[in-house]
Amino acid sequence: MKYNRCGKSGLLLPEISLGLWHNFGSVDNFDTAESIAVEAFDKGITHFDLANNYGPVPGSAETNFGKILWHNFQGNLRDEIIIATKAGYTMWNGPYGDWGSRKYLLSSLDQSLKRMKVDYVDIFYSHRPDPETPIEETMMALDHAVRSGKALYVGISNYSAEQTRIAVDVLKQLGTPCLIHQAKYSMLERWVENGLLDVLEEKGVGCIAFSPLAQGLLTDKYLNGIPENSRAHNPNGHLKEDEVTQERLHKLVQLNEIAKNRNQSLAQMALAWLQKDKRITSVLIGASSVKQLNNNIDCLQSLVFSHDELNAIEKILA
């Protein structure tokens, strides 16, 4: 595993990080989740990414990860891992359980620490910008999280290029630099290329890509349509059947041919493709089994693309 410097900070993150958005909630098998996390660490994945509402039920991924920590990462091992969590989406009912107010963010962070039974997280994110709350207030809450010792670094997620520029500048003025931006980025979702990556490079902020496989679309699962055991059929999943269009399926089949010629699976090629851009600090993967985890990690065995391959991929995606 290679570790990349996150922006202009002193922190190194692994090329591949493990996200607990799916498969770590109260509806999932705990033993499987634990085995995935332990295997990930053994393979060099030191960064584990959560959010307050991950589950289902909301909060249960943090609770389960707290159990995994106590079972496997006691003592100095806590110093060998990076734990990230976020707040910004609906977590509890009422006026203080959503968006980006100081009240919500700091209350949520306290709850996250209790669920995971830790004194601090390494990275605390504003999960999304709040159109009704000044960015200054949201960033002041992040700054306070660091000054209170409850987070070592802070980041933002799902902010536009312009919102990112403002947020980063405010945090700099407060004296707590923005470490990282977590953005949805894949072969099928490329909005970050329209300005965001340029802002992050200019400001010295790292970038971690989430949903790199487009919720499973960029795998061999959908090459022949929608299988019964897929996320598109899962009521708890975020991929909807109407997103699996014939046009997209046609592109997937063509991309899969390029992957075959590279001796990779489509998923491995999609993960490797993101890492060709040096502005990407890490790629955030999910896994439902140890086997799937290791298959995804194997993308690191072939990260180099020829000009012909890149041109062919662009032609397909155009």
Side-chain angles (χ1 to χ4, degrees), residues 1-7 12-19 21-22 40 43-49 82 84 155-159 161 164 179-201 205-222 238-239 248 251-252 254-256 258-287 292-318:
M1 183 68 65
K2 178 186 172 188
Y3 298 86
N4 297 321
R5 188 162 303 281
C6 191
L12 301 175
L13 294 180
E15 293 174 291
I16 297 289
S17 300
L18 182 65
W21 185 11
H22 302 289
K43 289 296 174 66
I45 293 178
T46 54
H47 180 207
F48 298 87
D49 181 83
I82 301 295
I156 56 178
S157 181
N158 299 306
Y159 280 57
T164 296
L179 174 79
I180 193 167
H181 187 295
Q182 186 171 136
K184 190 174 187 179
Y185 187 24
S186 72
M187 285 180 162
L188 302 178
E189 181 75 59
R190 300 176 63 175
W191 71 275
V192 302
E193 297 172 3
N194 297 323
L196 178 63
L197 290 176
D198 293 332
V199 171
L200 298 180
E201 183 176 32
V205 177
C207 185
I208 183 168
F210 78 89
S211 291
L213 301 181
Q215 292 294 303
L217 265 180
L218 288 165
T219 69
D220 58 9
K221 282 185 180 180
Y222 297 92
H238 290 263
L239 178 65
R248 277 190 162 179
K251 290 181 178 182
L252 298 181
Q254 294 178 79
L255 290 170
N256 190 55
I258 297 177
K260 284 181 182 178
N261 291 332
R262 289 172 50 83
N263 294 315
Q264 287 182 312
S265 68
L266 176 55
Q268 289 168 345
M269 184 180 77
L271 295 172
W273 180 85
L274 285 172
Q275 297 185 61
K276 72 187 186 305
D277 192 323
K278 298 309 176 185
R279 295 172 294 185
I280 300 299
T281 309
S282 184
V283 176
L284 195 57
I285 64 169
Q292 184 184 47
L293 172 76
N294 285 322
N295 283 339
N296 286 341
I297 293 174
D298 283 345
C299 75
L300 299 176
Q301 296 177 11
S302 183
L303 295 178
V304 178
F305 288 82
S306 69
H307 289 300
D308 287 344
E309 287 173 331
L310 291 175
N311 289 337
I313 289 170
E314 286 301 319
K315 186 176 180 179
I316 293 168
L317 295 176

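The residues of the chain are indexed from 1 along the displayed sequence.
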- Message: Regarding S282 and S17, do their side chains bring together a donor and an acceptor under 3.5 Å, going by distance alone?
- Response: yes
- Note on the structure: Between the CD atom in Q254 and the CG atom in L317, the distance rounded to the nearest 0.5 Å is 9.5 Å
- Quick one: are W191 and E193 in side-chain contact, heavy atoms under 4.5 Å? no
- Please name all residues satisfying ring pair (Phe, Tyr, Trp, His ring centres under 6.0 Å) with F48, sequence neighbours left out, ordered by chain then number. F65
- Item | Exam field: side chain N256 to backbone L252, donor-acceptor pair closer than 3.5 Å | no
- Query: Which atom names give the shortest non-hydrogen contact between R279 and D198, and what distance separates them?
  - Reply: NH1-OD1, 2.9 Å
- T219 side chain near L266 side chain, heavy-atom distance below 4.5 Å: no
- Task: State, to 0.1 Å, how close A272 and Q264 come at their nearest heavy-atom pair, and which atoms those are.
- Result: CB-NE2, 4.1 Å
- Any side-chain heavy-atom pair from Q275 and L300 closer than 4.5 angstrom? yes
- Task: Begin with the C-alpha distance, continue with both residues' side-chain angles, and end with the deciding distance and a verdict on side-chain contact (heavy atoms from CB on, under 4.5 Å) for W273 and L303.
- Result: CA-CA 7 Å; W273 180 85; L303 295 178; over 6 Å; no
- Task: Decide yes or no for I285 and L213: does some side-chain heavy atom of the first lie under 4.5 Å from some side-chain heavy atom of the second?
- Result: no
- Note on the structure: Smallest heavy-atom separation, S186 atom then S211 atom, equals CB-O, 3.5 Å
- N294-K43 side chain donor-acceptor pair, cut-off 3.5 Å: yes
- Sub-3.5 Å donor-acceptor pair from the side chain of R262 to the main-chain atoms of V304, do we have one? yes
- When you look at N4 and E15, which way does the side-chain contact (heavy atoms from CB on, under 4.5 Å) test go after all the steps? CA-CA 7 Å; N4 297 321; E15 293 174 291; 3.8 Å; yes
- Message: Would you compute the distance between atom CD of Q182 and atom CG of N158 and round it to the nearest 0.5 angstrom?
- Response: 7.5 Å
- Point-to-point distance, once rounded to the nearest 0.5 Å, from OG1 of T164 to CG of L196: 5.0 Å
- Task: Would you list the pairs meeting salt bridge (Lys or Arg N to Asp or Glu O under 4.0 Å) in which at least one residue belongs to residues 263-276, sequence neighbours left out?
- Result: none
- Answer whether the closest heavy-atom distance between the side chains of L293 and I45 falls below 4.5 Å. yes
- Query: Between atom CG of L284 and atom CG of L274, what is the distance when rounded to the nearest 0.5 Å?
  - Reply: 11.0 Å
- CG/N263 to CD/Q268 distance, rounded to the nearest 0.5 angstrom? 10.0 Å
- Would Q301 and D298 count as having a side-chain donor-acceptor pair, cut-off 3.5 Å? yes
- Message: Apply side-chain contact (heavy atoms from CB on, under 4.5 Å) to residues L255 and I313 and explain how you reach the verdict.
- Response: CA-CA 7 Å; L255 290 170; I313 289 170; 4.1 Å; yes
- Message: Let me confirm one number: the OG-CD1 distance from S157 to I208, rounded to the nearest 0.5 Å.
- Response: 9.5 Å
- State, with a plain yes or no, whether a side-chain heavy atom of H47 is found less than 4.5 Å away from one of I16. no
- Query: Do you know which two heavy atoms are closest between G206 and T281, and how far apart they sit?
  - Reply: CA-OG1, 3.4 Å
- Item | Side-chain donor or acceptor of E309 paired with backbone N/O of I258 under 3.5 Å | no
- May I ask you to decide whether R190 forms a salt bridge with E314, counting only side-chain N to carboxylate O separations under 4.0 Å? yes
- Distance under 6.0 Å and angle within 45° of the ring axis: does R248 meet both against Y222? no
- Task: Decide side-chain contact (heavy atoms from CB on, under 4.5 Å) for L197 and C207; before the verdict, give the C-alpha distance in whole Å, the side-chain angles of both, and the deciding distance to 0.1 Å.
- Result: CA-CA 8 Å; L197 290 176; C207 185; 4.0 Å; yes
- Query: So do the side chains of Y3 and T46 get within less than 4.5 Å of each other, counting heavy atoms only?
  - Reply: yes
- Between D49 and L18, is any pair of side-chain heavy atoms under 4.5 Å apart? no
- Please answer whether the main-chain N or O of G286 pairs with a side-chain N or O of H22 as donor and acceptor at a distance below 3.5 Å. no
